[in-house]
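Notes follow the structure.
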Amino acid sequence: MLETIKKTLKQELEATLSNIYSLPLQVVIEEPKRRDQGDLSIPVFVISKALLIPLPDALKQVISALENSSVRPLLSKIFTLGGFVNLFLDKLAIAKEVIHQFKQGDSIYHANRPLSDKVVCIDYSSPNIAKPFSIGHLRSTIIGHALGNIFEKLGTKVVRINHLGDFGTQFGKTIYAYLHFGDKEAVSKDPINELVKLYVEFNERAKSDPSLDVEARRIFKELELGNVEFLALWQWMRDASLRDYMEVYQLLDVSFDSYAGEAFYNDKMQPIIDDLTQKGLLLEDDGAMIVDLGEQMPPALIQKTDGSTLYITRDLAALFYRKENYHFDECLYVVGNEQRLHFEQIKAVIEKMGYDFSPRVKHINFGLVLQDGKKMSTRKGKIVKLLDVLTEAIRLSLSYIEEKNPDLEDKERIAQKIGVSAVVFNDLKNYRANDFEFDLEGMVKFEGQTGPYLQYTSVRIQSILQAEDFEFNGVIDVSLFDDELYFEMIKQISIYQAIIQKAAEEYAPSVVAKYLLHLASLFNTFYGREKIMVENVLEKNTKKHLLSMVRAILNDGMKLLGMQIIEKM
RNA sequence: GACUCGGUAGCUCAGCUGGACAGAGCAGUGGCUUCCUAAGCCAUUGGUCGAAGGUUCGAAUCCUUUCCGGGUCGCCA
């Protein structure tokens with residue numbers, strides 16, 4: 001609603017004024033920070049400069065255009081303030097309109113109708129087999145899942161792909177370690193943890209004995225060619241890992257359309273290599289095959305000296321496979337900052353090959369989780385296991401419940417939802433590309449700008465609404481919305497759709513997260529100030545209706561972020 | 001060294017396609033539970049927006065330089 005008004009004003013002002021002066025014009029409509037400056041604001045400096053007229057004339061023209069605007073009935077006051085023209089909205093008219101639209105389901109559900117036939121592939125989570133599910137992959141999982149939800153909300157078809165890291169030289173290393181110094185009994189008991197120990201030990205030993213790396217590459221090369229013994233080991237590791245990951249996915253309530261990992265593309269790389277060769281792009285350098293990408297970028301290494309392939313080779317194959325099978329409009333990769341160069345190279349390679357879809361391939365980068373200010377590294381054994389973090393969060397939320405509401409039914413289940421959502425929200429509330437220091441306490445905090453705060457707010461509203469039978473009859477006391485706080489809530493409700501849109505445009509779930517915090521905080525202020533179960537039925541119904549709108553949006557937003565909705569806590 | 005991302009309150013961060021006196025949460029301080037869950041609310045302390053120049057009527061926001069930190073830089077993924 002608010003967004004519609006802004007858009008309309010912008011278009012009308014631009015049309016009217018640029019028509020009068022026959023000059024192109026871009027009008028900016030802002031929201032002033034201070035309440036007494038109005039609801040909307042138009043900096044006229046800009047207009048006066050663009051139209052080459054003195055400021056006073058520009059002010060006059062803007063005001064007269066506003067007076068004749070089609071949304072004039074929704075404006076209560078238009079006035080100048082310095083070089084700005086500011087205006088107040090007609091609170092009652094807006095409130096009436098927003099409530100009406102909401103009743104039609106527009107504010108929340110409108111966006112649910114298919115609005116496009118766009119297809120977006122999202123490559124996320126993608127843990128590395130034979131390693132524990134790490135915090136880094138948690139970030140990818142949470143961000144990717146939330147983005148998928150946001151796009152679906154906007155009517156986009158989303159293909160969720162878990163591009164498992166299930167191939168590559170690392171398996172040569174792990175297999176070597178397992179065969180040469182692995183304790184087979186220990187491994188079969190606790191595969192992932194033991195395998196990662198072996199992997200770390202391998203890297204340790206390889207430091208003083210480089211022949212190990214050579215041997216590992218040989219094993220991978222054979223694996224790639226189909227060595228039965230290695231293949232069986234590999235399959236077993238993959239299965240064991242996947243079982244572990246499923247536990248995490250179940251807790252997070254995420255699922256995928258495809259688990260085609262790197263190994264899946266083992267037989268799909270040759271056509272790419274042929275294509276590159278045919279186009280004369282594949283050059284030999286130091287015995288390896290590369291694609292030269294010019295001055296700005298290091299070359300892309302496509303084939304190793306021994307002919308075996310690399311990450312980028314399989315990623316290229318995956319990209320073409322997705323292009324052919326999903327016909328994506330966009331292919332997103334939710335992968336950490338440190339792989340920036342990798343994706344720039346992929347894009348550069350497909351451009352060199354003469355394909356035009358590189359702009360539709362996007363690296364949705366996210367910040368590293370640091371430990372002591374440095375990147376964590378599996379190779380060096382520095383690793384934080386996600387399951388431990390989630391378990392801790394659940395344990396803490398259970399102790400919170402014991403303290404606050406010991407009689408609550410179904411405590412364990414609710415503690416799980418609170419704990420997991422706390423971790424999810426903690427990740428999404430900040431802009432994704434920021435690095436952050438690993439901080440367990442921060443991840444499981446329950447006060448302030450946190451997941452539990454949102455859940456708590458929703459639960460509070462729920463318990464008020466449930467206090468008595470309530471059937472909204474559509475009759476409200478609009479005059480209440482003359483109040484600043486009521487009106488601010490109405491404004492926020494009215495921009496929910498625009499918020500989702502913005503989150504999608506910026507690939508930034510944090511936009512939704514910040515918005516929900518603000519909305520929740522408004523309600524809590526309201527709750528502290530207003531008695532809701534008042535005698536006056538009309539007033540009570542109006543308040544309850546306002547709250548039900550807030551709750552509907554909170555719940556909808558939390559679901560988008562991949563959080564869990566609860567009724568009681 | 002090259003490229004790249006970041007440096008805003010004690011801490012975690014928003015604001016960054018230039019706009020009006022720089023905003024939240026946490027921590028600190030002082031209040032609020034006969035009445036819908038205090039995982040809350042209210043009030044309050046706290047900032048020369050890393051530094052220096054520049055562009056502009058106007059800069060946290062754009063440009064240049066510089067300092068500090070992270071990341072990446074052919075046979076890992």
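Labels below follow one simple rule: chain letters A, B, ... track the order of the sequence lines, proteins then strands, and each chain is numbered from 1.
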Would the A/Tyr311 and A/Phe167 ring centres measure less than 6.0 Å apart?
-> no
To the side chain of [X], which of [options] is closest?
| X | options | value |
| --- | --- | --- |
| A/Lys375 | B/A77, B/A20, B/G71 | B/G71 |
| A/Asn128 | B/A77, B/G74, B/A20 | B/A77 |
| A/Lys531 | B/C75, B/C35, B/C76 | B/C35 |
| A/Phe436 | B/C76, B/C13, B/U37 | B/C13 |
| A/Thr525 | B/C42, B/A39, B/C73 | B/C42 |
| A/Lys304 | B/U37, B/C75, B/C26 | B/C75 |
| A/Leu368 | B/G71, B/C42, B/C73 | B/G71 |
| A/Phe45 | B/G71, B/C57, B/C76 | B/C57 |
| A/Ile401 | B/C57, B/A39, B/G74 | B/A39 |
| A/Arg217 | B/C41, B/C13, B/C76 | B/C76 |

Using atom [atom1] in both nucleotides, what's the gap between [N] and [M] to the nearest angstrom?
| N | M | atom1 | result |
| --- | --- | --- | --- |
| B/A22 | B/A9 | P | 14 Å |
| B/U8 | B/G50 | P | 6 Å |
| B/C49 | B/U44 | P | 24 Å |
| B/G46 | B/C11 | C1' | 13 Å |
| B/G6 | B/U17 | P | 13 Å |
| B/A59 | B/G19 | C1' | 9 Å |
| B/A24 | B/G70 | C1' | 26 Å |
| B/A51 | B/U45 | C1' | 28 Å |

Describe the nucleic acid contact of A/Asp315 in one word from base, sugar-phosphate, nothing, applying a heavy-atom distance below 4.0 Å.
-> nothing
Give one of base, sugar-phosphate or nothing for A/Pro298, where a contact means two heavy atoms less than 4.0 Å apart.
-> sugar-phosphate
Could you tell me the Watson-Crick or G-U partner of [N], where both distances fall under 3.5 Å? Say none if there is no partner.
| N | answer |
| --- | --- |
| B/C49 | none |
| B/G71 | B/C3 |
| B/U55 | none |
| B/G40 | B/C32 |

What form does the base of B/G46 take, syn (within 90° of 0) or anti?
-> anti
Would you mind calling B/U33 syn or anti? Take O4'-C1'-N9-C4 for purines or O4'-C1'-N1-C2 for pyrimidines, and syn is within 90° of 0.
-> syn
Pair A/Asn430-A/Ser510, side-chain donor/acceptor within less than 3.5 Å | no
Taking only N and O in the side chain of A/Tyr199, is any of them less than 4.0 Å away from OP1 or OP2 of B/C76?
-> no
Does B/C36 have OP1 or OP2 sitting under 4.0 Å from an N or O in the side chain of A/Ser463?
-> no
Would you state whether a donor and an acceptor, one from the side chain of [X] and one from the base of [N], lie under 3.5 Å apart?
| X | N | value |
| --- | --- | --- |
| A/Asn434 | B/A14 | no |
| A/Thr305 | B/C75 | yes |
| A/Thr450 | B/A39 | no |

Rounded to whole angstroms, how far apart are [atom1] on [X] and [atom2] on [N]?
| X | N | atom1 | atom2 | answer |
| --- | --- | --- | --- | --- |
| A/Leu485 | B/C42 | CG | C1' | 13 Å |
| A/Ile302 | B/C75 | CD1 | P | 14 Å |
| A/His137 | B/A77 | NE2 | P | 13 Å |
| A/Lys374 | B/G69 | NZ | P | 9 Å |
| A/Leu370 | B/C13 | CG | P | 10 Å |
| A/Arg460 | B/A38 | CZ | P | 5 Å |

Would you mind telling me which residue lines up with the more 5' stretch of RNA chain B, A/Gln449 or A/Glu530, judged by nearest nucleotide?
-> A/Gln449
Given RNA chain B, 5'-ward residue of the pair A/Val46 and A/Glu338, judged by closest heavy atom = A/Val46
A/Tyr456 stacking on B/G40: centroids under 5.5 Å, ring planes under 30°?
-> no
Flag this pair as yes if the NZ/CZ of A/Arg460 is under 6.0 angstrom from the six-membered ring centre of A/Tyr527 and inside a 45 degree cone about the axis; otherwise no.
-> yes
Whether [X] and [Y] hold their rings parallel, tilted or perpendicular, with breakpoints at 30° and 60°:
| X | Y | result |
| --- | --- | --- |
| A/Tyr400 | A/Phe446 | perpendicular |
| A/Tyr321 | A/Phe264 | perpendicular |
| A/His137 | A/Phe133 | perpendicular |

Heavy atoms of other groups near A/Lys502 NZ, more than 12 under 6.0 Å | no
Heavy-atom count around A/Glu409 CD within 6.0 Å, excluding the residue itself: above 12?
-> no
